[in-house]
Peer 1: 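The structure is given below, and queries will be raised subsequently.
Treat the numbers as computed from the prediction; the structure is a model and nothing was measured. Sequence lines set the chain letters: A, B, ... in the order given, protein chains first and strands last, and positions in each chain run from 1.
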Amino acid sequence: MPSQIELLEAALKAAIGRAIANGQLAGSTPESITLSRPKNREHGDYATSVALQLAKAAGKEPREVAAIIVDQLKDIDSIMGLDVAGPGFINITLKRSSQAELVSTIINAGAKFADTNTLAGVRINLEFISANPTGPLHLGHTRWAAVGDSLGRVLTAAGADVTREFYINDRGNQMDLFGASVEAGALGTAVPEDGYKGEYIIDLAKEVVENNPAITSLPEQDRQIAFREAAYTLQLADQQRVLEDFGTHFDIWFSERSLHDQGAVEHGVEKLRTQGHVFEDKGATWLRTTDFGDDKDRVLAKSDGSFTYFSSDTAYYINKRERGFDICIYMLGADHHGYVGRLKATAACAGDDPNFNVEILIGQLVKIMEGGQEVKLSKRAGTIITLEELVEKTGVDAARYTLIRYPVDTPMVMDIDLLKRSTNENPVYYVQYAHARIAAVLRNATELKISLEIQDFDPSQLIHDRENELLGKLAQFPRVVESAAQMRQPHRIARYLEELAGTYHGFYADCRVLPMGDENPTSLHTARLLLCSSTKIVIARALDLLGVSAPERM
RNA sequence: GCGCCUGUAGCUCAGUCGGAUAGAGCACCUGCCUUCUAAGCAGGUUGUCGCAGGUUCGAUUCCUGCCAGGCGCGCCA
């Protein structure tokens with residue numbers, strides 16, 4: 001069933017179409033029409049500036065255009081009032097009972113109320129975090145753990161077929177250094193230069209030796225590899241456990257090594273060569289990414305024949321496309337934004353459309369304040385705040401919510417002291433409280449044996465301003481989900497939730513839901529209870545899209 | 001030097017395709033629980049939307065230049 005906003009938009013388009021058809025307006029019907037909820041209640045339930053946009057093409061004054069459109073809208077049943085205001089805005093007031101039909105729509109649709117099919121049939125590979133398995137996940141990863149997971153949920157709600165993927169950088173010097181560092185920890189020898197430091201290295205060393213006491217007596221060459229592999233296994237398992245506890249699930253953990261083992265790197269280079277963008281120079285094999293706007297060409301294989309990290313990246317991209325993904329989304333930290341040019345160019349070199357097949361979301365870094373000072377993070381120096389530590393301090397819900405509610409392209413500051421001190425300053429509680437509050441009302445209603453059957457719903461009961469406001473807010477939800485999906489911005493869900501919770505609290509304060517004392521239940525009580533119930537559905541679904549729990553009690 | 005991101009209230013930040021008087025939370029005041037969860041509601045105070053031009057009916061939003069901050073520019077991974 002189309003939402004009220006969609007119906008209105010269609011009605012407006014039809015009205016403009018009629019006015020053009022009968023010669024009152026020149027120009028063409030716009031593809032989409034901006035319909036907003038005015039801040040000022042005197043401006044009606046919905047407002048549109050479409051007349052202002054059409055005025056020029058029509059060769060008429062905006063107010064005159066607005067009047068023509070209004071004239072074409074007069075016969076629509078659900079519209080109660082129409083006004084031309086200010087420079088040419090059209091303000092629309094709807095019949096309250098017609099707005100209240102939304103309650104039935106939501107209750108019948110349940111959690112699927114805001115799901116759409118705008119991305120139906122699109123296969124999306126969503127890659128995020130992709131940390132080295134050489135240490136615990138820290139706060140930089142945490143932002144993506146929350147946002148990436150939420151984006152996956154939002155895209156799925158928009159109908160996309162989403163695969164969440166974690167690329168394990170389990171190859172190269174860093175792994176060797178990691179192995180050597182753990183080995184040094186076990187043997188009590190000096191940590192190698194630029195090696196990994198920190199408590200966790202010692203802990204890993206102990207665990208490795210515990211699991212395999214014979215490891216220390218292996219020949220030196222075998223020993224370092226054995227340490228590396230054992231520590232890798234433990235560290236990866238730790239990352240997986242931490243992420244699952246955080247509510248972030250990956251469909252695929254993709255090992256960089258496996259690319260090399262399967263010959264995917266050679267295959268990737270060949271594919272690019274076929275496309276005509278590979279060349280040899282000074283004994284090395286290059287990809288001419290400058291053909292597609294990159295700053296400089298990139299080396300695939302060094303003059304000694306070994307492959308670069310870049311070659312893994314290209315092979316991985318080609319592999320994803322060959323697995324059938326239409327869109328590959330990369331979520332990278334700001335410190336990797338230099339990759340954008342080469343990733344886009346790589347796609348173009350592979351014969352793809354870099355503006356469609358590849359999307360790169362750059363997340364600004366999270367700054368941490370503790371004791372009024374910025375905490376500098378360095379994995380190798382061992383000064384890190386891990387995802388796990390953050391969750392211990394704030395809980396999963398608060399951590400996820402705080403990280404998701406800001407757009408990722410703005411740097412954010414997390415004050416650890418503030419999070420430790422008073423968790424109720426976090427908006428997540430405000431939203432969850434609204435949910436728990438509704439749950440309590442519904443529990444009480446059940447005890448009082450008041451009908452919650454949708455057949456007993458009388459929309460004409462909901463005429464209070466607060467009810468109207470709440471209905472209007474609920475009606476926006478499908479659009480919010482859709483824009484969050486299209487713009488890849490899950491934070492919009494959180495912002496909407498805060499508005500919805502606020503609107504509900506306002507309604508709750510002014511509109512008594514349950515009968516007072518010995519009062520008999522009426523159809524007003526039932527109508528309000530069903531309004532509460534539909535609000536609860538929307539809040540729960542929105543929280544679910546963020547991966548945050550919707551408590552029945554607080 | 002080049003590239004990306006950011007600059008909005010005392011603080012942390014929203015602001016949809018350019019729309020009406022620029023918003024929220026926190027903080028600070030004032031009211032509201034002998035009936036649904038007061039983790040709440042209602043009201044008050046707070047602005048050079050970094051600066052300067054341009055585009056137009058209209059700019060926080062789009063364009064150009066400048067200022068300030070963050071990050072990145074390897075045959076490293």
Side-chain angles (χ1 to χ4, degrees), chain A residues 30-34 36 38-40 43 47-49 52-53 55-56 61-62 85-89 91 132 134 169 171-177 256 281-286 295-296 298-304 306-310 312 333-341 362-365 367 405-415 418 422-427 429-434 436-445 448 479-480 483-484 486-487 489 491-492 494-495 498-499 501-502 504-510 512-517 519 528-529 532 553-554:
Chain A
E31 277 179 36
S32 68
I33 289 176
T34 311
S36 59
K39 283 165 255 174
N40 189 335
H43 294 156
T48 177
S49 60
L52 291 153
Q53 287 152 18
K56 191 169 239 178
E61 290 298 313
F89 292 98
N91 294 333
N132 295 320
T134 55
N169 293 129
R171 195 173 165 278
N173 292 349
Q174 292 303 321
M175 286 301 287
D176 293 336
L177 212 47
E256 182 187 354
D281 186 39
K282 294 174 200 154
T285 305
W286 298 68
D295 303 336
K296 56 193 79 170
R298 307 288 170 180
V299 174
L300 289 164
K302 302 181 222 171
S303 49
D304 66 2
S306 62
F307 288 110
T308 59
Y309 187 82
F310 174 67
S312 299
D335 52 343
H336 287 84
H337 78 252
Y339 284 39
V340 174
I362 298 298
Q364 295 299 313
L365 305 178
K367 244 190 229 176
R405 79 185 281 269
Y406 304 104
V408 291
D409 51 12
T410 66
M412 64 174 289
V413 179
M414 282 188 105
D415 187 331
L418 189 124
S422 56
T423 50
N424 63 353
E425 284 176 28
N426 195 314
Y429 294 99
Y430 180 79
V431 174
Q432 289 183 320
Y433 181 67
R437 206 177 209 190
I438 297 172
V441 172
L442 294 176
R443 277 195 300 273
N444 295 341
L448 293 170
R479 282 209 160 182
V480 171
S483 70
Q486 267 171 3
M487 302 175 83
Q489 294 184 337
H491 80 274
R492 288 168 182 278
R495 297 294 169 163
E498 288 162 33
E499 289 174 23
Y504 179 78
H505 287 312
F507 156 79
Y508 180 88
D510 286 357
R512 173 77 196 189
V513 177
L514 296 172
M516 304 268 270
E519 196 186 351
R528 284 184 172 168
L529 278 164
C532 288
R553 296 171 199 273
M554 283 174 77

Peer 1: So, the side chain of A:Ser312 versus the backbone of A:Glu256: is there a donor-acceptor pair under 3.5 Å, distance only?
Peer 2: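 Side chain of A:Ser312 to backbone of A:Glu256: no pair is present.
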Peer 1: When only distance counts, do a donor and an acceptor, one from the side chain of A:Asn91 and one from the base of B:rA20, lie under 3.5 Å apart?
Peer 2: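 By the distance-only test, yes, there is a pair.
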Peer 1: Side chain of A:Phe89: nearest nucleotide among B:rA38, B:rC75, B:rA20?
Peer 2: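 Among the listed nucleotides, the one closest to the side chain of A:Phe89 is B:rA20.
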Peer 1: Consider the side chain of A:His336, meaning its heavy atoms from C-beta on, and name the nucleotide among B:rA77, B:rC41, B:rA39 that approaches it most closely.
Peer 2: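 So the nucleotide nearest the side chain must be B:rA77.
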Peer 1: Would you indicate which nucleotide in B:rC71, B:rG40, B:rG19 comes nearest to any side-chain atom of A:Tyr430?
Peer 2: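 Selected nucleotide: B:rG40.
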Peer 1: From B:rC36, B:rU37, B:rC13, pick the nucleotide closest to the side chain of A:Tyr433?
Peer 2: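 Shortest atom-to-atom distance from the side chain points to B:rU37.
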Peer 1: Identify all pairs in which a protein N or O lies below 3.5 Å from an N or O of nucleotides 6-8 of chain B, and state each distance.
Peer 2:
none

Peer 1: Does B:rC73 have a Watson-Crick or wobble mate here (both distances under 3.5 Å), and if so which one?
Peer 2: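 The base-pairing partner of B:rC73, which may sit in any strand shown, is B:rG1.
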Peer 1: Who does B:rG23 pair with, Watson-Crick or G-U, both distances under 3.5 Å?
Peer 2: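 B:rG23 is paired with B:rC13.
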Peer 1: In the structure shown, which nucleotide is the Watson-Crick or G-U wobble counterpart of B:rA42, with both distances under 3.5 Å?
Peer 2: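 B:rA42 is paired with B:rU30.
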Peer 1: According to a strict under-4.0 Å criterion, is A:Tyr339 in side-chain N/O contact with OP1 or OP2 of B:rA77?
Peer 2: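 No, A:Tyr339 has no side-chain N/O under 4.0 Å of OP1/OP2 on B:rA77.
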Peer 1: For B:rC66, give its Watson-Crick or G-U wobble partner with both distances under 3.5 Å, or none.
Peer 2: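 Base-paired to B:rG50.
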Peer 1: Mind checking who B:rA59 pairs with, Watson-Crick or G-U wobble, both distances under 3.5 Å?
Peer 2: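 By the stated definition (distances under 3.5 Å), nothing pairs with B:rA59.
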Peer 1: May I ask you to verify if any side-chain N or O of A:Asn444 is less than 4.0 angstrom from the OP1 or OP2 atom of B:rU37?
Peer 2: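 It does, given that an N or O in the side chain of A:Asn444 lies less than 4.0 Å from OP1 or OP2 of B:rU37.
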Peer 1: Please determine whether a side-chain nitrogen or oxygen atom of A:Lys296 lies at a distance below 4.0 Å from atom OP1 or OP2 of B:rC75.
Peer 2: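 No, because none of the side-chain N or O atoms of A:Lys296 sits under 4.0 Å from OP1 or OP2 of B:rC75.
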Peer 1: Considering only side-chain heavy atoms of A:Ala47, which listed nucleotide, B:rA20, B:rA14, B:rA39, is closest?
Peer 2: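 The listed nucleotide nearest to A:Ala47's side chain is B:rA20.
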Peer 1: Which is true for A:Met487 with a 4.0 Å heavy-atom rule: it touches a base, it touches only sugar-phosphate, or it touches nothing?
Peer 2: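 The answer is sugar-phosphate, as A:Met487 gets under 4.0 Å only of primed atoms, P, OP1 or OP2.
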Peer 1: Is A:Tyr508 stacked against the base of B:rG40, taking the criterion as centroid distance under 5.5 angstrom and interplanar angle under 30°?
Peer 2: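 Stack criterion not met.
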Peer 1: For B:rC5, does the glycosidic angle fall within 90° of 0 (syn) or outside that (anti)?
Peer 2: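 Anti, which is what one calls it when the glycosidic angle falls more than 90° from 0.
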Peer 1: For B:rU16, does OP1 or OP2 lie under 4.0 Å from any side-chain N or O of A:His491?
Peer 2: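 Checking A:His491 against B:rU16: no side-chain N or O falls below 4.0 Å of OP1 or OP2.
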Peer 1: Nearest to the side chain of A:Leu52, heavy atoms from C-beta on, is which of B:rU37, B:rC57, B:rA77?
Peer 2: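 Of the candidates, B:rC57 comes closest.
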